[in-house]
Colleague: 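Quick one: this structure, given as structure tokens, is what I'll be asking you about.
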Amino acid sequence: MKLIITIIRDVDNDQVSHALTESGFSVTMIASTGGFFHRGSTTLLIGVEDDQVEKAIATIKENCLQPQEQGTKKATVFVIKVDQFIHF
């Protein structure tokens, strides 16, 4: 299992979150600001099985559609191995 931590611009949040949930992914959203975009951003936490990582990343990439200035980032994605997952 993997945990995908994705930092996206606030303007992309609705589109990306909706696309992920429509594709069957569970998403937790955290409002954030900081060094990646230097403006309002949203951090998404997405738990996925190993074979679903590429599908989730492709969904994120396809749905960060807002126009951007040359050289600015749309998203920052971290994929972390999960040793244990407990849900109760």
Side-chain angles (χ1 to χ4, degrees):
M1 179 168 242
K2 300 284 196 267
L3 174 64
I4 300 174
I5 301 171
T6 304
I7 303 164
I8 57 174
R9 298 171 301 161
D10 280 342
V11 296
D12 291 325
N13 178 39
D14 287 341
Q15 179 73 21
V16 172
S17 297
H18 181 73
L20 286 166
T21 56
E22 286 292 314
S23 295
F25 296 105
S26 296
V27 179
T28 299
M29 292 176 274
I30 303 169
S32 55
T33 57
F36 289 110
F37 300 122
H38 302 290
R39 60 182 66 139
S41 59
T42 301
T43 301
L44 304 178
L45 305 177
I46 310 147
V48 300
E49 296 297 331
D50 291 353
D51 63 344
Q52 293 294 302
V53 171
E54 293 305 319
K55 179 181 178 184
I57 292 172
T59 302
I60 294 163
K61 187 175 183 178
E62 291 167 6
N63 287 279
C64 286
L65 300 175
Q66 298 293 327
Q68 65 179 10
E69 297 173 19
Q70 183 68 22
T72 60
K73 297 177 186 169
K74 290 184 176 185
T76 300
V77 179
F78 300 92
V79 180
I80 301 168
K81 181 180 180 242
V82 175
D83 290 326
Q84 185 176 18
F85 170 73
I86 301 169
H87 187 89
F88 55 91

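A quick note: this is a predicted structure, and the numbers were derived from the prediction, not measured.
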Colleague: Looking at CG of Leu44 and CD1 of Ile8, how far apart are the two atoms once the value is rounded to the nearest 0.5 Å?
Modeller: 4.5 Å

Colleague: Enter the distance from Met1:CE to Lys81:NZ here, rounded to the nearest 0.5 Å.
Modeller: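 With rounding to 0.5 Å, CE (Met1) is 12.5 Å from NZ (Lys81).
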
Colleague: How far apart are the closest heavy atoms of Lys2 and Val82, and which atoms are they?
Modeller: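 That would be C-CG2, 3.7 Å.
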
Colleague: For the atom pair CG (Asn13) and CG (Asn63), what is the distance rounded to the nearest 0.5 Å?
Modeller: 11.5 Å

Colleague: Does Asp12 reach the side chain of Ile60, with side-chain heavy atoms less than 4.5 Å apart?
Modeller: no

Colleague: Tell me, do Leu45 and Ile5 make a side-chain contact under 4.5 Å, heavy atoms counted?
Modeller: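 Yes. Closest side-chain heavy atoms under 4.5 Å.
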
Colleague: Can you tell me how far the NE2 atom of His18 sits from the OG1 atom of Thr59, to the nearest 0.5 Å?
Modeller: 12.0 Å

Colleague: Side chain to side chain contact (heavy atoms under 4.5 Å, CB included), that's the test. Do Val79 and Ile57 meet it? Break it down for me.
Modeller: CA-CA 10 Å; Val79 180; Ile57 292 172; 4.0 Å; yes

Colleague: Return yes if some donor-acceptor pair links the side-chain N/O of Ser17 with the main-chain N/O of Asp14 below 3.5 Å, else return no.
Modeller: no

Colleague: Could you grab the distance from atom CD1 of Ile46 to atom OG1 of Thr21, nearest 0.5 Å is fine?
Modeller: 10.5 Å

Colleague: Using the test side-chain contact (heavy atoms from CB on, under 4.5 Å), find all partners of Glu54 that sit at least two apart in sequence or belong to another chain.
Modeller: none

Colleague: Going from CD on Gln52 to CD1 on Ile4, what distance comes out if it is rounded to the nearest 0.5 angstrom?
Modeller: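 Between atom CD of Gln52 and atom CD1 of Ile4 there are 9.5 Å.
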
